Amino acid sequence: MRKAKLWGLLGMLFVSELQAAAGQAEEKKILTEGETLNYHCVYTRKHSQSQKAWQRVMDGGKAETLAFTEKTSKNSQELGGRYFLEDNTTQGAVHVRMTNVQVSDSGLYRCVIYPILSNPEVLESLRLVVTKGPSASTSRDKNPPRDKAQTPTFPPATKAPVTQPPPKSTAGVSRPGLEVNPTNVTDVTRISVFSIVIPVACALVTKSLVLTVLFAVTQKSFGS
Amino acid sequence: MSSPCALLTWTLLTLLGLGATREDFTPCGPIVPRREWGALPSRCEQRLDLPVRYVVVSHTAAIPCDTPTSCMRQVQNVQHYHMRTRGWCDVAYNFLIGEDGLVYEGRGWDTQGAHSGPTWNSKSIGISFMGNYMDRAPPQRALRAAQSLLACGVARGTLRTNYEVKGHRDVRDTDSPGDRLYDIIRTWPHYRY
């Protein structure tokens, strides 16, 4: 019975540590396989006329460009692709849409200014976690319901329907990295797990040490 | 171990664990609550996803106030204008700052404001200095109140620790927060152009 209580307490501490980790540099979204990611990267007016790109950051820091906005239409062109960008310069936001997300899509993404410099200007970073089962989010940001309300505005507003073969050269757009081989996926998962597990574990160890001592002392004084 | 003692220990440890979330035990500076300044009830329903990354600083471009009494009246005026004339669900800002050095609760930490367009509104807290700061700066006590409010936001976990401050004119086509105030916020440590 005592053991169960102690484990329950440690479990609760773990949750509170996860919440404390809210001061991260990146946003986080948790989706289920098959869902569509809808995300908005905001930017200030100095970037109104700039093109924007959506990248995936691999472990090791190498970034792959998945889509970028056109100069004139402010939308991205990707025939048969899964990544769509719509730049709303009045609102100061790029709407990013990734359809039919898979577990292999889990990882770090970012909005950057395009053309991409050697030291890229990053607007926002997003940690995407795609799960197999129903989305069971422990983090405070429950986004999916909100996005479903925003989704209806996207298809009618798109200026360039994606089924149209584009006469413009979208040569700069790299192929979507769907053929990510399994070793990369496990590496990404392993590193993202470590970047969460280690700080949480350190704090947990310290706290549980203090509390175990407290527990033992109170137990002793009450004379079990 | 006897049951009451186990219960007591368990309660103590639970409180310690809950204390780690910090929200209830934060010593935030005084904020004049809605009821106190005579706010009309809010009709707003859109929540903010917390923690928030951005803070947008604006000015009301209206008359300033430098006493608690006159500022209370001024916040009411601003809310009235926003709700009756502009037709919004509440005063546009999450918080307002008076030249009396007090922070006035607008939509608060949890509700989306109506200051910077739909997308920025959903990702930011909008604070507004009551007055027009094109040609003059707000007094130090008002600037202190704003800084204290933002520190409070971080302590509560409603603002990211690495939150970014933007001027209203950085996100909208406007003079707000006024040249003088804009110059000041650009020196703030969390300001990002």
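Fair warning: this is a prediction, and the values are worked out from it, not measured in the lab. Each chain gets a letter, A, B and so on, in the order its sequence line appears, and its residues count up from 1.
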A:T90 versus chain B, the contacting section by heavy-atom distance below 4.5 Å: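 Answer is backbone: N, CA, C or O of A:T90 sit under 4.5 Å from chain B.
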Whether over 12 other heavy atoms sit under 6.0 Å from B:R35 CZ: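 No, the 6.0 Å shell around CZ holds no more than 12 heavy atoms from other groups.
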Qualifying residues under salt bridge (Lys or Arg N to Asp or Glu O under 4.0 Å), relative to B:E36, sequence neighbours excluded: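 None.
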With A:K62 via salt bridge (Lys or Arg N to Asp or Glu O under 4.0 Å) - residues at least two apart: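 Residues passing salt bridge (Lys or Arg N to Asp or Glu O under 4.0 Å) with A:K62: none at all.
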Carboxylate-amine/guanidinium proximity below 4.0 Å for B:R160 and A:E27: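 A salt bridge is present here (some side-chain N lies under 4.0 Å from a carboxylate O).
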Chain A neighbours within residues 84-94 of chain B, where any heavy atom lies under 4.5 Å away: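 When heavy atoms of chain A are the reference, residues 84-94 of chain B contributes no residue within the under-4.5 Å range.
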Part of residues 167-193 of chain B lying next to chain A, heavy-atom separation under 4.5 Å: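 Listed by number, the contacting residues are B:R169, B:D170, B:V171, B:R172, B:D173, B:Y193.
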Inter-residue atom distance A:T44.OG1 - B:W120.CH2, 0.5 Å rounding: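 Separation between the atoms: 6.5 Å.
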Side-chain donor or acceptor of B:K123 paired with backbone N/O of A:H40 under 3.5 Å: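 Yes, B:K123 side chain to A:H40 backbone: donor-acceptor pair under 3.5 Å.
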